[in-house]
Amino acid sequence: MTASRRYWLLKSEPDVFSFEDLLASRGKRTGWDGVRNYQARNFMRDDMQVGDGVLYYHSRSKTPSIVGLARVTRGGHPDPTQFEEGAKGFDGSSDPKDPRWFQVTIQGVEVLPQPLSLGDLKEEKSLADMALVQRGQRLSVQPVGAKEWRRVLQLGGIKGDPTGS
DNA sequence: GCCAACGTTGGC
DNA sequence: GCCAACGTTGGC
C-alpha cells in the first residue's frame with residue numbers, strides 16, 4: 001500500500017528566493033536548504049514524500065501571500081549547506097555521519113492566477129484551521145490538510161490539481 | 001524599522 | 001529542569 005499524498009506550505013522571503021526564482025531554476029527545482037528549525041526539519045526528514053503538493057508562500061513581503069504551487073521531487077535528505085564552512089547555514093557541530101539538518105527538493109509547477117494574501121486567507125472561514133492563519137505561527141514548513149489544499153487551489157483560480165500525477 | 005511571539009541557549 | 005537572556009521570524 002502506498003502512503004497517500006500529503007500537502008505542505010513552504011515559506012520564503014521573496015527578496016531571498018521567490019517563486020519566480022524557483023521557476024527560473026534548472027528544472028524549476030531547488031533544494032530547500034537553510035531550514036534550521038527542528039519541527040520544520042522533522043517534517044522534511046520524516047514526512048515529506050515525492051509527489052506531495054506544496055503551497056509556496058511569500059513572507060515578509062508587502063502583501064504576504066500564497067503565490068504558487070510546487071511539488072516534492074525528492075524526500076528528506078541531508079542539507080549540504082550545514083557542512084559548507086562560511087555558508088549561512090553552516091553548523092560546525094553537525095556530524096557528516098549523522099547530519100542534523102535535512103532538506104527536500106521541490107519543483108515549481110504553476111503561478112496562482114489569483115494570489116491569496118494572508119488577509120484573504122484569514123477572512124476565509126473554511127481555512128480557519130490552517131496553521132498559517134494562527135496567531136504567532138512562525139513555522140516555515142507546515143502541513144496543510146487535503147480540504148484546505150483543495151480550497152486554496154479553488155480560491156487561487158486553479159482547475160484540477162496540476163501538482164498531482 | 002518596530003516589536004510581539006516564539007525557539008534556543010546556558011547558568012544555576 | 002527552570003527560566004532569563006538572547007536571537008529570529010514575520011506581520012504590520
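Lettering follows sequence order; numbering is per chain, from 1.
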### Task
Could you note down all residue pairs passing salt bridge (Lys or Arg N to Asp or Glu O under 4.0 Å) where residues 81-105 of chain A supplies at least one of them, sequence neighbours left out?
A:Asp91-A:Arg100

### Task
If a protein heavy atom is under 4.0 Å from the base, mark B; if only from the sugar-phosphate, S; if neither, -; do that for nucleotides 3-9 of chain C going 5' to 3'.
----BBB

### Sugar-phosphate, base or nothing in reach of A:Lys62, heavy atoms under 4.0 Å
nothing

### Query
Which residues satisfy the side-chain hydrogen bond (donor to acceptor under 3.5 Å, both in side chains) test with A:Ser126, sequence neighbours excluded?
A:Glu124, A:Arg151

### Query
Can you name the side-chain contact (heavy atoms from CB on, under 4.5 Å) partners of A:Leu23, sequence neighbours left out?
A:Phe19, A:Lys28, A:Val111

### Query
Quick one: side-chain contact (heavy atoms from CB on, under 4.5 Å) partners of A:Ser61, sequence neighbours excluded?
A:Pro14, A:His58, A:Pro64

### Query
Which residues pass the side-chain contact (heavy atoms from CB on, under 4.5 Å) test with A:Thr30, sequence neighbours left out?
A:Phe17, A:Leu22, A:Trp32, A:Ile106

